Each structure stands twice: as structure tokens, then as C-alpha cells.
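Since the structure is predicted, the reported quantities are computational estimates derived from the model, not experimental observations. Scope of the values below: all heavy atoms of this structure, side chains included, with no hydrogens, waters or symmetry mates. Whatever order the structure lists them in is the order used to number ligands and atoms, beginning at 1.
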Amino acid sequence: MEEGRIIRVSGPLVVADNMREAGMYEVVEVGDLRLVGEVTRIEGDRAYIQVYENTDGIKPGEKVYRTGSPLMAELGPGLIGKIFDGLQRPLEAIASLTGSPFVARGVKVPTLDRKKKWHFVPEKTLKPGDNVEGGYIIGRVQETSLIEHRVLIPPHVKGRLKELLPEGDYNVEDPIAYVETEDGNEIPITLMQKWPVRVPRPYKVKLEPNEPLLTGIRILDTIFPIAKGGTAAIPGPFGSGKTVTLQSLAKWSAAKIVIYVGCGERGNEMADELRSFPELKDPWTGKPLLERTILIANTSNMPVAARETSIYMGVTMAEYFRDQGYDVLVVADSTSRWAEALRELGGRLEEMPAEEGYPSYLPSRLAEYYERAGRVLTLGMPERFGSVTLASAVSPPGGDFTEPVTSNTLRFVRVFWPLDVALAQARHYPAINWLQGFSQYVDLVAEWWSKNVDPQWRQMRDLMMSILIREDELRQIVRLVGPESLGEKDRLILETARIIREGFLKQNAYDDIDAFSTPQKQVRMMKLIVNFYNRANELINKGISIKKIMDASGDIIAEIIRSKAVIRNEELNKYDELEKKLNGVLDTLSKSVGA
Ligand code: ADP
């Protein structure tokens with residue numbers, strides 16, 4: 001292939017000529033150091049190249065070497081539990097996030113260890129002569145104690161299985177099968193396959209997401225649920241709890257695999273985050289969380305171009321595990337930093353900026369990214385379903401949700417968990433504003449809750465939501481005309497809303513018991529609150545004042561509010577005792593007028 005010649009270097013952007021033959025998004029090696037870059041614009045014989053490594057010292061006149069290939073992810077056993085940069089280069093130690101250089105410039109480090117042997121067990125149902133195609137499971141490797149890696153025929157390969165090698169130990173480049181295609185070619189299949197990161201991996205059918213991705217966080221699961229295969233944004237100003245919320249998702253969510261993309265955050269913060277991972281246990285299995293987690297780190301001190309690719313790298317790995325039949329969650333912190341990388345690169349390309357300096361293609365890039373979420377029927381046999389769920393933090397400057405990244409993200413996600421400074425300042429965590437948030441999955445997941453947890457879930461959720469909305473209206477009335485204007489039932493709304501906020505929505509991510517609520521616990525708590533509301537309503541109908549009700553039940557209500565951090569998920573019968581006590585108090589009140 002012909003070599004190009006550098007004519008200009010501008011930070012992460014290099015312009016080269018003699019590049020007429022180069023393709024858009026082709027990976028090239030730039031300069032004598034052979035830095036990795038990607039062609040992002042072609043004009044005549046000039047190519048504009050975004051370089052993923054620091055370009056200091058690279059000069060006009062040096063050569064550009066083409067590879068003929070787009071940026072690929074390596075996919076195979078050995079990804080789980082590892083940390084990579086945005087180019088999928090393994091970062092040996094968390095320490096490398098804070099020191100520099102992270103990966104020496106120009107050094108090509110393979111993503112997957114070429115020497116490590118994996119124990120491969122071929123699929124018993126397959127034999128030579130069988131027809132196979134992309135997505136067929138031809139064998140298995142136990143990658144970690146939590147993840148069975150299902151070895152797939154790569155998409156677009158189709159033919160007759162010529163040979164399937166026996167059970168044994170293979171490295172990622174050893175052929176474990178051969179497929180003979182219709183035109184007589186023999187294709188070796190290995191444990192590793194490659195896929196271009198900017199292209200979504202194919203599937204058979206995309207389905208409506210209707211199963212919740214449980215997180216153990218009550219406001220997420222019950223008020224604004226996300227479904228497996230759904231999309232969510234968490235916008236919030238600095239310090240409002242984005243990172244803590246994403247970490248809770250990474251730790252507690254019922255995804256089989258979690259891919260954590262740290263995008264443009266500060267190196268030492270990221271290192272702290274990552275350091276906590278090895279000690280954490282999966283609440284669903286008790287196993288170390290790292291056995292189901294892949295980390296991608298592109299901190300603010302790493303080259304900006306690699307930050308742009310990091311989310312594609314993350315979602316490509318996610319699709320690969322989805323294709324194996326798993327539910328995968330990708331958390332990105334933060335897509336604002338990713339958009340800033342786009343803006344910086346666009347600026348260097350001297351593109352005409354759109355809103356606030358962001359390139360005009362910001363919305364389409366966001367759309368393409370969120371489009372890669374979904375629950376699918378995968379290619380190949382045996383028939384299976386998998387999902388990719390995307391949850392991203394957005395950090396709008398000054399908390400202004402109308403700025404381009406937040407407002408465009410809102411167009412493409414179906415769940416919105418907005419963090420609120422006032423709530424964070426009042427130490428109401430998670431500081432999700434329940435009046436601004438939304439989830440378009442409530443209808444879709446209601447059936448799951450009804451079937452698997454409680455038929456009343458939807459009704460109780462809607463009642464709680466309506467009490468919270470009414471509380472807001474009443475507070476405005478009180479502000480205008482004072483509390484005296486409120487009737488007894490309105491006061492009950494205020495009291496109940498307080499219990500919902502303090503006892504249900506507020507949840508301490510650092511409390512052993514409170515951090516994670518099973519769906520059963522969530523429903524049990526809701527029942528208690530709804531029961532109080534309904535019974536108190538009846539008492540008011542009988543002429544008992546809200547003041548009397550609260551005087552009588554204040555202690556037990558305080559106990560109910562505290563119960564989230566006292567009663568464990570496995571001792572829900574303790575809620576029966578609480579309910580009995582509450583009913584006892586209310587019965588006594590009721591009798592006092594009945595007589
Ligand atoms: P951001 O990423 O938005 O800048 P952080 O996630 O770092 O904010 O949160 C800031 C602080 O708020 C945390 O250090 C923690 O003390 C507190 N916090 C946030 N969410 C929670 C939570 N769910 N439970 C307890 N504390 C929280």
C-alpha cells in the first residue's frame with residue numbers, strides 16, 4: 001500500500017497527503033513512531049487523521065502507513081476482569097492511570113494474551129458436515145467462575161463444519177474449528193474474533209424490552225425503571241451523585257456482564273473507583289464483581305482521540321457478549337467528556353461548529369450510540385436472547401439541562417434520571433428529581449412485576465407518584481396562602497409524601513442493608529406506606545384529624561422510615577410486625593370514634 005506524507009500536525013490531528021486510496025475510518029500508523037490514528041476526513045489526496053497517542057515531536061515530512069482496516073475490537077476470552085484504554089490496549093495496573101506514560105507511544109500491545117491457554121469444550125450437538133453460520137455456538141470456555149464464554153462462529157461466516165477440534169487447551173489464535181464455505185474456502189475459527197467498533201454487530205430481531213434490569217435502587221426500580229436493553233441518562237452537575245449512581249448500577253444491577261467506561265474523568269478519581277472493584281462482591285452470586293466486569297479507562301490526561309473511541313469500544317464488547325445470550329450493561333461516565341473530545345477534534349478539523357461549538361453531527365453520533373442498545377434474538381443456534389443496556393452520565397456545565405449534550409441525549413434515551421443540586425445539598429440521595437424524571441418502560445415492565453413479585457406493583461407505584469406530584473402542588477399553595485388553607489386530606493398527602501421521600505426514595509449507597517433492596521423488599525415497603533395512607537384516609541372520613549393520627553402513629557412511622565436500613569432483604573417478615581403495630585395504633589383511634 002502506498003505511504004502518505006505528513007504535511008501538518010495540530011495536537012491530536014495530523015493532515016497527510018498522498019492518501020487518495022485511503023478509506024474513511026481506516027486505521028493508519030503515523031510518523032516514525034508509528035502512532036495509531038484513524039482517518040476521519042478525506043479531501044482529494046489529503047487525509048485528516050485523528051491520532052490516538054500524543055503527537056509531540058511528530059513532524060511534517062514523516063510517513064503515514066496505511067493498514068487497510070478500520071479500528072477493530074478483539075473479542076474472545078480474556079476480556080473479563082481487565083482494564084483497557086479507549087483503543088482496547090490493556091492497562092497493566094490501575095497505577096498506570098495516574099502515572100504516565102500509560103502505554104508507551106507506538107507500542108502495539110495485543111488486547112488478548114496470545115500465550116494464555118483456555119480450556120475449550122466443543123459443542124456436543126455439532127459434528128462435521130453440519131451447516132453452521134454466524135452466531136452458532138460451537139463450544140464453551142469457562143472464562144471466570146461467573147462467565148461461561150460461548151465461542152461463536154463470527155457473523156458473516158457461513159458453510160459446512162469441516163472439523164471441530166476436541167476438548168483441550170487452546171490459545172486465542174489456535175484454530176478450534178474449520179468451516180468450508182460454499183465457494184470452497186476453508187475458514188479457521190479461533191477463540192478470538194475481531195469486529196470494527198463503529199459498526200453495530202448484527203442480530204436476528206430487535207424486541208421490545210419488557211423485563212426490568214433490576215438495580216436494587218428503589219427509585220430506579222420502582223419509580224423510573226429501566227428495562228434490559230433500555231437506555232438511560234443521568235445528568236447532574238458536579239457533586240450531585242452521578243458517579244455514585246453509576247457505580248451502584250455497576251455493582252448491584254442484575255446484568256450478567258458490566259462494562260464500565262470511564263471517559264475523561266480525572267485519573268486519580270478513576271483510579272479510586274477502580275481500586276474499589278476487586279474487593280466488591282456481586283450481591284446476586286456472592287462472587288467477586290471483577291469476574292463479570294470489564295473496565296475501559298480514558299482519563300482526562302490521556303489522549304483525547306482515544307476518548308472518542310472508548311464508548312464504541314465498550315458497546316462493541318457489550319454486543320459480543322449479548323450475542324452469546326447475556327444481558328450486558330454499559331455505564332459511561334461521562335458522555336459530556338466524550339462530546340468534548342468530539343468538539344476538540346472537530347475544532348482541529350476546522351469544521352463549522354453548531355450549538356456551543358459542538359460539531360453539527362453531535363446529535364447523529366448520540367443517536368447512533370443509543371441505537372446500539374436493545375434486547376435481541378441473536379444470530380445462530382441454539383436460539384437465545386441477549387441485551388445491551390446503556391446508562392450514561394451527562395455533566396451539563398452549571399447544571400443547565402438545555403445545553404446541547406443533555407438536550408440531545410434526552411431525545412434518544414427512554415429513561416431520564418436527573419440529579420438535582422438542591423436534593424444533593426439536602427443530602428437526599430440518590431438526588432434524582434422525581435418530578436422531572438421519567439421512564440418510558442413503566443408499562444412494559446409492569447407485567448413482569450405483576451407476575452413475579454406482586455400484582456399490585458403498578459397501582460402502588462402510580463399512587464406513590466401521584467402523592468408526590470400532589471405534594472408539589474400543595475407546597476406551592478402553602479407558599480402562596482399559608483398552611484391553614486389545606487384540608488385534612490391534603491395534610492395527609494404531605495405526611496405520606498414525606499414518608500415516601502424519607503422512607504422509600506432516599507437510599508444510602510454506603511449502608512450495608514439499605515444499599516440494595518430486592519424487588520420483594522421494595523414491594524413490602526410500598527405496601528406498608530400505601531396501607532398507612534389508605535387507613536389514615538378512612539380515619540379522616542370518620543372525622544379524626546390528621547394531627548391526632550400523626551400524634552398516635554408518629555413513633556411507628558419513624559420506625560417505618562428507619563426500617564430500610566434495619567430490616568434485611570432476607571427478613572421481610574419483620575415488616576409484618578411493623579404493619580401489625582401500625583394497624584394496632586390506627587385500630588385504637590378508629591374505635592375511639594366508633595364507640
Ligand atoms: P458527581 O459524579 O456527580 O460529581 P459523586 O457521584 O462523586 O458526584 O457524588 C458526590 C458525593 O455525594 C459522594 O461522594 C457521596 O458522598 C454523595 N452521594 C452521592 N450519591 C449518594 C448515595 N446514593 N448515597 C450516599 N451518598 C451519596
Side-chain angles (χ1 to χ4, degrees), residues 97 214-226 232-253 258 260-277 280 283 295-300 307 311 330-340 391-401 403 405-406 409 415-434 436-437 500-518 521-522 525 561-562 564-566:
L97 292 177
L214 296 171
T215 67
I217 305 168
R218 295 181 293 268
I219 186 165
L220 305 192
D221 289 348
T222 285
I223 306 295
F224 305 123
I226 183 157
I234 311 174
F238 180 77
S240 57
K242 292 181 297 295
T243 305
V244 174
T245 308
L246 286 181
Q247 275 179 354
S248 303
L249 283 178
K251 286 172 200 164
W252 314 121
S253 81
V258 175
Y260 197 104
V261 185
C263 197
E265 298 293 300
R266 281 208 295 280
N268 49 352
E269 282 171 13
M270 185 81 198
D272 285 346
E273 269 174 47
L274 298 187
R275 227 172 255 130
S276 70
F277 263 92
L280 297 169
L295 303 156
I296 301 183
N298 250 95
T299 51
S300 52
R307 191 195 301 171
I311 65 168
V330 182
V331 293
D333 189 9
S334 111
T335 46
S336 296
R337 302 282 105 79
W338 167 83
E340 282 162 19
S392 319
V394 187
S395 7
D400 169 16
F401 290 176
E403 61 85 42
V405 184
T406 314
T409 299
V415 178
F416 189 51
W417 294 322
L419 298 175
D420 187 304
V421 192
L423 288 174
Q425 276 164 355
R427 307 205 58 75
H428 175 112
Y429 293 117
I432 297 172
N433 184 317
W434 52 87
Q436 282 180 2
I500 296 171
R501 284 188 282 105
E502 300 283 319
F504 190 84
L505 299 184
K506 212 168 151 178
Q507 188 170 1
N508 184 349
Y510 301 111
D511 183 278
D512 265 358
I513 297 177
D514 193 25
F516 178 83
S517 288
T518 58
K521 179 168 169 180
Q522 298 186 33
M525 294 169 84
I561 288 172
R562 278 197 308 273
K564 60 187 180 177
V566 176

#### Entry: Side-chain heavy-atom pair Tyr260, Asp333 within 4.5 angstrom cut-off
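Sidechains of Asp333 and Tyr260: in contact.
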### Query
Taking the side chain as C-beta and beyond, is there a heavy-atom pair between Trp417 and Ile226 under 4.5 Å?
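Side chain of Trp417 against side chain of Ile226, heavy atoms only: contact under 4.5 Å found.
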Report each N/O pair between ligand 1 and the protein that falls under 3.5 Å, naming both atoms.
| residue | atom | partner | partner atom | Å |
| --- | --- | --- | --- | --- |
| ligand 1 | 2 (O) | Thr243 | N | 2.9 |
| ligand 1 | 2 (O) | Thr243 | OG1 | 2.7 |
| ligand 1 | 3 (O) | Ser240 | N | 3.3 |
| ligand 1 | 3 (O) | Gly241 | N | 3.0 |
| ligand 1 | 3 (O) | Lys242 | N | 2.9 |
| ligand 1 | 3 (O) | Lys242 | NZ | 2.9 |
| ligand 1 | 4 (O) | Gly239 | N | 2.7 |
| ligand 1 | 6 (O) | Lys242 | N | 3.4 |
| ligand 1 | 6 (O) | Thr243 | N | 3.0 |
| ligand 1 | 6 (O) | Val244 | N | 2.8 |
| ligand 1 | 8 (O) | Gly241 | N | 3.0 |
| ligand 1 | 12 (O) | Tyr429 | OH | 3.2 |
| ligand 1 | 24 (N) | Ala509 | N | 3.0 |

### Query
Taking the six-membered ring for Trp, are Phe401 and Phe416 parallel (under 30°), tilted (30 to 60°) or perpendicular (over 60°)?
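If you compare the ring of Phe401 with that of Phe416, the planes turn out perpendicular.
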### Query
Regarding Thr335 and Ser392, is there a side-chain donor-to-acceptor distance under 3.5 Å anywhere?
no
### Query
Does Asp514 pair with Lys521 as a salt bridge, N-O distance under 4.0 Å?
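The answer is no: the pair does not qualify as a salt bridge.
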### Task
Would you please test Gln507 and Lys564 for side chain to side chain contact (heavy atoms under 4.5 Å, CB included) and show each step?
CA-CA 8 Å; Gln507 188 170 1; Lys564 60 187 180 177; 6.0 Å; no
